[in-house]
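Single-structure report; data block below.
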Amino acid sequence: MSDTGVLDALLESGVARGELVALALDPGVGLALATATRSWAVASADPCGAVALVERGIGPRWVLWSNDTAETLARAGVRVARAFDLACAHRILEGTWAADPARVWAAANGLDAGTLPSVAPPDLFSSVGDDDGDGDEPVRRDGHLRPEWAAGAWRASPERLRRWSVLAQHAAAEQIAALGAISGRPAALATARAESAVELLCAEMTVDGLPMDRVVAEGIVAGFVGPRPRDEAAAAEERARRDAAVLRHATPGFDVDLRSSTQVRAMLRRLGIDVVDTRAARLRELEDTHPVVRELLAWRRAERVATTYGYAWLDEHLGADERFRGSWSGSDGAAGRMTASGGLHNMPAEFRPAVVAEPGHVFVRADLGQVEPRVLAAVSHDAALARATLQGDLYAAVASELGVDRATAKVAVLGAMYGQTTGHGADALRRMRRAYPVAMDYLDRAEHAAAAGRDLRTYGGRLVRFGPPPPRDDGTPEPRASVAARGRYGRNAVVQGAAAELFKRWAVTLRARGADLGAQIVLCLHDELLVHTPLEQAAPVASLLDSCLQDAAERWAPGTPTRFVADVSVVARWSDAKDASAPPDRSPASGAP
DNA sequence: TGCGGCTATTG
DNA sequence: CACAATAGCCGCAG
């Protein structure tokens with residue numbers, strides 16, 4: 001069968017837009033497709049091109065084993081609209097990070113993960129035990145995948161690709177049934193679809209990268225640590241010079257490694273400065289007591305850039321095409337937030353001027369306003385808190401409801417969601433309980449469940465595992481602090497996880513609707529989107545961001561009275577985005593009566 | 001060599 | 001310095 005033959009075969013068998021079509025693909029071998037009733041295999045030199053043909057001609061929902069396939073497609077420049085990602089759905093259902101085919105298959109088929117066969121033996125034909133059949137049979141008698149298939153033997157031939165795609169189609173059907181059966185979470189299937197699209201987006205961001213101006217970026221590094229050293233010796237010399245600037249203030253005769261917090265603390269003590277730790281916030285209070293403190297703070301800044309965000313960092317991640325690349329993950333962490341490696345999520349703000357749109361383009365940047373308390377209002381169905389979301393500044397609305405100032409209200413709201421129980425906020429927290437009992441009860445229940453070791457599900461249906469606390473060697477009960485910490489984690493997970501779900505709905509809605517305008521999402525930062533956009537489409541994309549938010553919220557929480565807001569701006573570089581998310585906090589917590 | 005502690009950065 | 005994350009270096013255990 002030819003590449004175009006695949007499309008014809010699918011059309012002949014009546015596959016329509018949005019229907020599940022499982023895909024198995026290896027760039028050097030070919031591709032295979034499976035519907036619920038039929039399957040096809042093609043030896044092809046350009047399997048991604050064949051996928052593109054089917055995408056244009058039909059536009060199915062592609063069933064993928066994992067985002068590995070999405071990344072292969074993205075590298076070939078093939079963008080598909082819809083997916084059902086088995087690894088992604090597995091993580092939602094099981095609340096685990098590991099989602100390799102063996103585990104996904106086992107869970108989808110109700111097999112105990114504890115009975116998973118171990119890795120394939122070096123000699124495929126020497127395997128014994130309960131294994132059976134020849135190497136072309138992907139499933140063992142006990143129902144598990146054969147380890148060598150799970151490890152990649154499925155790539156060996158078009159016929160194996162075909163069988164692999166049939167298995168994917170079968171696993172998807174089982175997962176869809178399981179998602180539909182999650183009690184109290186009818187939308188879990190919709191969550192899995194949306195999060196599968198997030199996997200596509202992550203693959204695209206991983207491949208395409210973030211536009212960054214090398215000259216500007218290197219200039220920022222130079223501002224901290226000087227010009228790029230010619231060699232290792234020069235780098236060591238530069239390092240020694242930075243160290244000396246601090247050490248000249250220290251007591252002579254003592255050897256101090258500034259990278260060791262213990263030694264730094266000892267050095268400060270010799271100078272009459274006694275601190276419990278040497279964190280920057282603490283040192284800043286003592287800046288005027290001794291010149292060494294200021295020097296040390298400057299050293300820390302330079303050292304951070306030299307080791308983490310320096311020339312080596314740029315060399316590793318910034319490509320010749322002036323795109324900065326890290327690896328994106330769609331649902332890392334227990335609550336299911338997106339993560340990125342390479343420093344994309346924790347890049348110091350000083351580097352934002354280097355994030356520059358390409359010629360003829362701009363960034364349309366948008367961030368959600370006060371998303372976590374608004375999400376809390378939606379998921380807990382607290383009518384009073386939902387009323388507060390109708391105001392642009394939620395904290396101001398809460399403040400007038402509680403009869404406190406805005407800063408106090410903000411601390412109280414955040415404290416409620418993070419599980420703060422002590423401190424100045426105690427009175428405001430009591431007021432929170434009176435004003436928003438439904439939301440507070442929702443948080444309390446999550447906290448108690450987690451503290452007791454019971455699993456949680458987010459609003460969208462993602463399992464957050466807590467498990468029974470492991471038995472302790474000495475048989476003593478678990479420390480109270482540990483139980484309390486798990487409770488706070490649970491309290492926050494239902495809010496943070498739900499906020500992640502809403503944010504991701506927003507992102508994939510924009511990915512879908514902005515494609516025709518050339519809008520490319522290049523950064524996701526928990527509540528912020530950076531969209532690389534052709535100059536002439538800036539205005540339409542800006543308004544699209546807002547309408548996508550409204551639609552995403554309505555699909556995520558149908559009929560919710562909660563209002564969600566986004567601050568949208570059009571900028572040439574990331575740093576140009578003015579931070580107008582909230583009015584300044586007038587009265588600091590320390591000044592509260 | 002692996003891992004907990006400390007520190008810094010982001011939301 | 002509550003909740004989450006990535007990432008680097010130190011110091012210690014194995």
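Because the structure is a prediction, the values reported are computed rather than measured.
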- Query: Taking N and O atoms by type only, does the side chain of A:Asn346 place a donor or acceptor under 3.5 Å from a partner on the base of C:dT6?
  - Reply: yes
- Message: Need one value for A:Glu528: base, sugar-phosphate or nothing, where a base atom within 4.0 Å counts as base even if backbone is also close, heavy atoms only.
- Response: nothing
- Message: Need one value for A:Ala335: base, sugar-phosphate or nothing, where a base atom within 4.0 Å counts as base even if backbone is also close, heavy atoms only.
- Response: nothing
- Please check the phosphate of B:dT7 (OP1 and OP2 only) for any side-chain N or O of A:Thr278 closer than 4.0 Å. yes
- Between B:dA8, C:dT6, C:dA2, which nucleotide has the shortest distance from any of its atoms to the side chain of A:Arg300? B:dA8
- Task: Output the single nucleotide from C:dC10, C:dC3, B:dA8 whose closest atom is nearest the side chain of A:Arg279.
- Result: B:dA8
- Query: With a 4.0 Å cut-off, would you call A:Lys410 and A:Asp405 a salt bridge?
  - Reply: no
- Message: By nearest atom, which of the nucleotides C:dC9, C:dC10, B:dT7 is closest to the A:Ser260 side chain?
- Response: C:dC10
- Message: Determine whether a donor-acceptor pair (one donor, one acceptor, N or O, separation below 3.5 Å) exists between the side chain of A:Arg337 and the base of C:dA4.
- Response: yes
- Of the candidate nucleotides C:dA2, C:dT6, C:dA7, which contains the atom at the shortest distance from the side chain of A:Gln420? C:dA2
- Query: Which of these nucleotides, B:dT10, C:dT6, C:dC3, is closest to any side-chain atom of A:Arg352?
  - Reply: B:dT10
- Is the distance between the ring centroids of A:Phe351 and A:Trp574 less than 6.0 Å? no
- Side chain of A:Arg259 - closest among C:dA2, C:dC9, B:dG11: C:dC9
